[in-house]
Number of protein chains: 2
Amino acid sequence: MNAPQNTYKHPDKFLVSVDCIVLGFDTNELKLLTFKRAISPLAGCRSLLGGFIYEDESIDQAAQRVLQKLTGMESLYMEQVGTYGNPERDPGGRVISVAYYALINMEDYDPALLETHNATWISLSESHLLIMDHAQMVSDAMVMLRRKAAAFDVGFNLLPDKFTLTQLQALYEALYCEELDKRNFRKKVLSLDILNRLNEKDKLHSRKGAYFYTLMPGYVDKLRRATFSFRAVSEEE
Amino acid sequence: MNAPQNTYKHPDKFLVSVDCIVLGFDTNELKLLTFKRAISPLAGCRSLLGGFIYEDESIDQAAQRVLQKLTGMESLYMEQVGTYGNPERDPGGRVISVAYYALINMEDYDPALLETHNATWISLSESHLLIMDHAQMVSDAMVMLRRKAAAFDVGFNLLPDKFTLTQLQALYEALYCEELDKRNFRKKVLSLDILNRLNEKDKLHSRKGAYFYTLMPGYVDKLRRATFSFRAVSEEE
DNA sequence: GCAAAAGTGTTACCTGTACACCCATGG
DNA sequence: CCATGGGTGTACAGGTAACACTTTTGC
């Protein structure tokens, strides 16, 4: 699995890192996992989860390794966002960084890890506090994520296995930063025919209780043409 | 403009290259600019236009430099596709490569450069002949390009400043690999209200002559909600 | 009994889609 | 006069958007 001997004579070699935009969804809000940076410069500042790439791994593998090390989890969904390489982007030296976004289910995240790793969940609106070009990475990732979610390609990954339609709608409202009409949302989602209603209710968030749903096994195949395009509710009623 | 002193101690540094997917549009077909590779290994094989990144430039700058050097042109449109870094992707050594696609207007391309640089335009269907993971890069770029074109964000960039609706339709048919209904296409495009009809006709491709159009100056602002979603024509009439 | 969230249908409008014929011109 | 590509309109269908009230139950 080692790389072959290098036959190229080009003089300039670079440190290459990965930065992970780790997103979770909690009580109707999208959260971003950030860390207190351990190394100088900018030690102590708020940063995305990142690390340098090693000689014998692919970039995807590096992103997974970094994620695994600091969260103890494998991501439900990871995707490359882009590569950032302005010579001045990192005051510590020339580093080219490949950004990934990762969607995790916050229920599976061990809160004890927050302290051991100096990690905090922040809300997306605080991402301007991040060092270097990390806020730009987050913003680029959100554009990609919204596009993916519009095709229902993704998004379920931020929820537990069992979720209610109310939760799903809240997630889409958080993604698009606008309120949606409940009736239209449910009609659309149910018409996709990818959800199983369980005979079990979530009694935690309401007295009446909302049915839990799960994704149907082969749901990906059904999503060829689906698109999400609800408008915000006006002020209604 | 030099990068700051490097304070990081990580041992593994990498060659980083850019590869450009240079697309042009000619007589109803999308074309890809390829080169006979000059350096070993795989010298003489068909490759995308690429080159290593230098210490003092950003990745975008490197892509533009490489494009400029081999085509003498600046691209009308360039966008990062993704970064490819499997340890075994390049038999000549560990190289991480950032792919870009570039859209150029073939009328502006100097055919004399083809010979001086050992370049050839190939059709997209031949891209499997490319070395390493270049065919994958092309395929990923096409997905992005189609998505962009669906929002009419791009696509005009492959045409001359003055173009006919027939040309524009042919371009979209090439992008999506399917035939479109002429009436519906024109209705949709004209309804966007971003085209100026000139009092001048292209008499080259037909006896009757087709009106030339140009893009209206502030056309980008008008494209907020537009989406492209024609179905192929059946067999009709 | 009331507060709080869950759930449910109908209508109007708009947009996408299918479809066939006349026009202008150069040779 | 005819071959070639340019240009045009309409009717139907399907999907999006607006909109209000009933149900359940824990307290």
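Below, chain A is the first sequence line, B the second, and so on; all start at residue 1.
- When every heavy atom of A119(A) is checked against every heavy atom of L33(A), the shortest pair comes out as CB-CD1, 4.2 Å.
- Nearest nucleotide to the side chain of N184(B), out of dC19(C), dG6(D), dG16(C): dC19(C).
- dA5(C) atom C1' lies 13 Å from atom CD of Q167(A), rounded to whole Å.
- In this structure, OH in Y219(A) is found 12.0 Å from CE in M216(A), a value given to the nearest 0.5 Å.
- No hydrogens or angles were tested; on distance alone, a donor-acceptor pair under 3.5 Å links the side chain of K187(B) to the base of dT17(C).
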Between the protein and nucleotides 24-27 of chain D, list every N/O to N/O distance that falls short of 3.5 Å.
residue : atom : partner : partner atom : Å
dG26(D) : N3   : R207(A) : NE           : 3.4

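- Rounded to a whole Å, the NZ atom of K188(A) is 11 Å from the C1' atom of dG14(D).
- The nearest pair of heavy atoms linking S47(A) to R37(A) is CB-CB, 4.2 Å.
- Atom CG of L159(B) and atom CD of Q167(B) lie 6.0 Å apart (nearest 0.5 Å).
- A donor-acceptor pair under 3.5 Å is formed between the side chain of R146(A) and the backbone N or O of L175(A).
- Under 4.0 angstrom from either OP1 or OP2 of dA6(C) there lies no side-chain N or O belonging to K182(A).
- At whole-Å resolution of the value, CG in N28(B) and P in dG5(D) are 11 Å apart.
- Atom NE2 in H205(A) sits roughly 13 Å away from atom P in dG7(C) (whole-Å rounding).
- Remark: C1' of dT17(C) and CZ of F185(B) are 15 Å apart, rounded to the nearest angstrom.
- Both tests hold for R197(B) against Y211(B): distance to the six-membered ring centre under 6.0 Å, angle to the ring axis within 45°.
- As rounded to whole Å, 13 Å separates atom P of dT8(D) from atom CD of Q169(B).
- The distance between atom CZ of R183(B) and atom C1' of dC22(C), rounded to the nearest whole Å, is 12 Å.
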